[in-house]
Structures are given as C-alpha cells and as structure tokens.
Amino acid sequence: SDVVSKEMFEMSNSRVEQSSRNEKVVCLRPENTAGVMRAVLENGLFQKLPKRYFYSGPMFRYERPQRGRLRQFHQLGIESLGTFGVSSDADAILLAADFLENLGFSLKSDIQCLKSHAGPVVELRLNTLGGAECREKYSETLSVYLKDWILENPDKKLSSESLERLRDGRVMRILDSKSEQDRECIAGAPLLRESLSLESQSRFSSLCSLLDGMGVNYIIDDHLVRGLDYYCHTAFEFTTVGDSNSNASRPVAVLAGGRYDMLATLMNSKRPVPAIGWAAGVERLALELERCGKGAFKEEFPGVYLVPLLSHTTTDDLIKLRSLQCASLLRKHGIPVVVSYNQADADELELTSPKKRQNIIKKGIKEADKAGARFACFIGEEESLQGECVASLKDLETGELFTSLREEELKARLSPIIMES
C-alpha cells in the first residue's frame, strides 16, 4: 500500500546501511486510524460498541513534504466505531464542518461567499467508494482503461508514481494524482459510480439527502478516492478554494475522512467493525488561517497581566516580593496570572534617573493588551508598603481603573474571569 511504500518512516537502532539491516527497526506512525482500531480490538472494547474517540499528536511521513505538511507534522482527528448507518456519516461530516467554522473557516455556499468572507473558504468534496465488490469491479475496469490508454498514447507518458501504482495494482490511487502528466488520462477515466451496486447507490443518495436537509453545501467529486483496501462507501475532504491573487492558489485538503468498515477484519478481527472518522493537519490549518490573517492561533488568556513598577530605588526588592506574593495568592483563587519580566531589574542596570510611574504603567498596559489579558495589575512602591496582595487594577475591556485594592477587593473585581476559568 501507499502507507508502506511511500509514507512509512523507518528508524534503525544502528548506523549500518539500510540494505543490510539486521537490527531492530522502529516504524513511526504515519496516521492514527489503525492505532485506534488496534487499541479497541486488543482491549476487547469492540464488545462495548459504539465507541467514539478523538486524538491529537505527531505523525511522520517519508514522502515528499507538501505545503503545510512536513515529514513530522501534527494531526488531530475523531473516530466513530461501531456505527454503520448513513446518519453516522452525516454526523461526522457535520462535526468536521462545525470544527472548521469554529476555527475561522467558512464553508463555500455561493459566489458571494468568496467576496464577503475575509477568512479562508473551504468546500466539501464528497464521493462514495461503494462496498468491497464495487471497489473490486471498478479497479478491474480502471486497470483495463489505463493499460489501453498507455498503448493508444505512446507519446504521452504517465508519471513514474502512477506507473508504479498500476504495476502494484493500486490503480484507484492514480485518480488522486497531482501530476500534470496524468491529468489528461484521469479526465477520461471511467467513473466509479458506474460500478456501484444498487445498495451503494441508495446509501449515497440517502447521505446526500441528509446533508441537503441540514443545508450543507457539497461537490460530488468522482475522482475522490482512498487508496487503502479497507475504505468503503463515504469519502470526503474539505479543500481550500483557490485565490487567484495568492501564490498558494492551488487547493489543498485541510481535513479528510471516510468510512473504513473492513479495517478490523484485516487486523484479524473475527467480525467486521463498521467505522468512520476524519483527521486534520494542525500545521496546514494554521498556515491557511495565517495566510488569510485570521490569527486564530494568537496566544491569549482571559486573565491578569501583573506589572511590577520598579523605580530603581531601595523598595524595588520589596516590589518584586509583593508581586510574586500577589500572583501566588490570585492563582490559588483560580485566577490565571502572568507576571511581566520585561522591565529590567534594578540590579542589572546602572542606576540613572528614576523611572516615572505613569510611563511604566502605559508600557505595562500595552504589554497586557498584546498578551490578550483582560486585566492589567500594577504593584509599585505605594502598593507594596501597604502589605501583601495590594495592587492597582485596570479593566482593559471597560477602561476602569481601581487603585490600591486589597485581596478581597481584587477577588471581587476579578470575578468575571474566575467564572470564565
């Protein structure tokens, strides 16, 4: 399969040549679906189906890196095991659409969407692979077509990758080729829908009806396939909509999924386990959001940004101590606090003219706003001499300023973020 021949990353525990390995070899995971299924089978969880899981973590691909996917990348996804009906397929697709919309993507609905939406626009591409018999029938039909096309077009060659797939019997993966050499051949290929059984056609029609009823826009893509033999029926992808003004105008998949009812039997299960899932590459999501200036991954926290007002006097040591004491007490009350260390300590600078309190406060407010804080908290000479956890507070949302608040007063003013956290 492509996982073994192209995607799997192997590491040896010695420095010998790959061709003469006799040592232990570790394979780094190229994806997580098989791992989830293995965990379910080995731990007897298939007796308690249906089960739903989500995951995130690093994956590794040996193949040539693509835009937004390096050889080590991070992926998050969901797997729904023990669910066969088309409702579970629609549910997985709707969950994926909601996930992308919450990140800042917009699902393409019409031409106006491209003009009005400032963020990245994606479109849902949908297809059905049919059951095992449909796949087998179509693979034979497609193989005959490809061999005939090569004989009839001796001056036009398929890409080396597609020729290798044809030799190995992985002909359906050729439809997913991104090579310009293969485009003409793929355009004239027979359609998978022509090999579908009546049952598979009815199933796909029911899925489309559910999505129509939910108002989900989609494109039926006859060339959307899954190269692994355990995939069947529903296959889908959310791909970016090309922007003619962008250097990255070529559409790429930011999330892909499908049904894999035959995976369990390939892993020696006594019975099939119907399942569907999807996964998304974190780096690719971030790249597309950043390209459109959405800033969805800006580091923010709805908490307190505490600024010590050091003045290069003998009270600076006390101010540092009071700042740490205040931060510790607020954290014990469940209030997230970040202490600013951007203002250099007095003992690290030559003691020149004292810094003005107002200038430091203005700088601290800018730092707090940049950090995404809800409140800016200040402790200077005035506050530190009044005891522990005495501070001045500015609400960055309303602009209100409160001076010399004690612990209980601080808690009362900070109650909005205590509720949020």
Should R406 and E409 count as an ion pair when the cut-off is N to O under 4.0 Å? no
Which residues pass the side chain to side chain donor-acceptor pair (under 3.5 Å) test with Y53, not counting sequence neighbours? none
Among I361, D316, I319, side chain to side chain contact (heavy atoms under 4.5 Å, CB included) partner for L309: I361
Using a 3.5 Å distance criterion without hydrogens, assess whether the side chain of Y138 forms a donor-acceptor pair with backbone atoms of P190. yes
Side-chain donor-acceptor contact under 3.5 Å, E382 with S404: no
Can any side-chain N or O of R29 pair as donor or acceptor with the backbone N or O of P58 at less than 3.5 Å? yes
Under 3.5 Å: donor-acceptor pair, side chain of R259, backbone of P274: no
Which heavy atom of S323 sits nearest to which heavy atom of I379, and what is that distance? CA-CD1, 3.8 Å
Could you report the tightest heavy-atom contact between L289 and P120, atom names first, then the distance? CD2-CG, 3.8 Å
Would you find more than 12 non-hydrogen atoms of other residues, nucleotides or ligands less than 6.0 Å from E199 atom CD? no
Taking NZ, NE, NH1 and NH2 as the nitrogens, is one of them in R125 or E123 under 4.0 Å from a carboxylate oxygen of the other? yes
Minimum-distance pair of heavy atoms, taken over all atoms of P336 and G334: CD-O, 3.6 Å
Is there a donor-acceptor pair closer than 3.5 Å between any side-chain N or O of N102 and the backbone N or O of D98? yes
Please find the pair of heavy atoms, one from A235 and one from L224, that lie closest to each other, and give the distance. O-CD2, 3.6 Å
Minimum heavy-atom distance between S269 and R271, given as atom pair plus value: OG-O, 2.6 Å
Between S340 and E367, do the side chains contain a donor N or O and an acceptor N or O under 3.5 Å apart? yes
Quick one, D89 and R203 - any side-chain contact, counting heavy atoms below 4.5 Å? yes
Less than 4.5 Å apart, any side-chain heavy atom of V40 and any of V273? no
Check whether any side-chain heavy atom of F99 sits under 4.5 Å from a side-chain heavy atom of W278, and report yes or no. yes
Which pair of heavy atoms, one from I174 and one from R165, lies closest together, and at what distance? CG1-CB, 3.9 Å
I'd like to know if R183 and E180 make a salt bridge, using a cut-off of under 4.0 Å between side-chain N and carboxylate O. yes
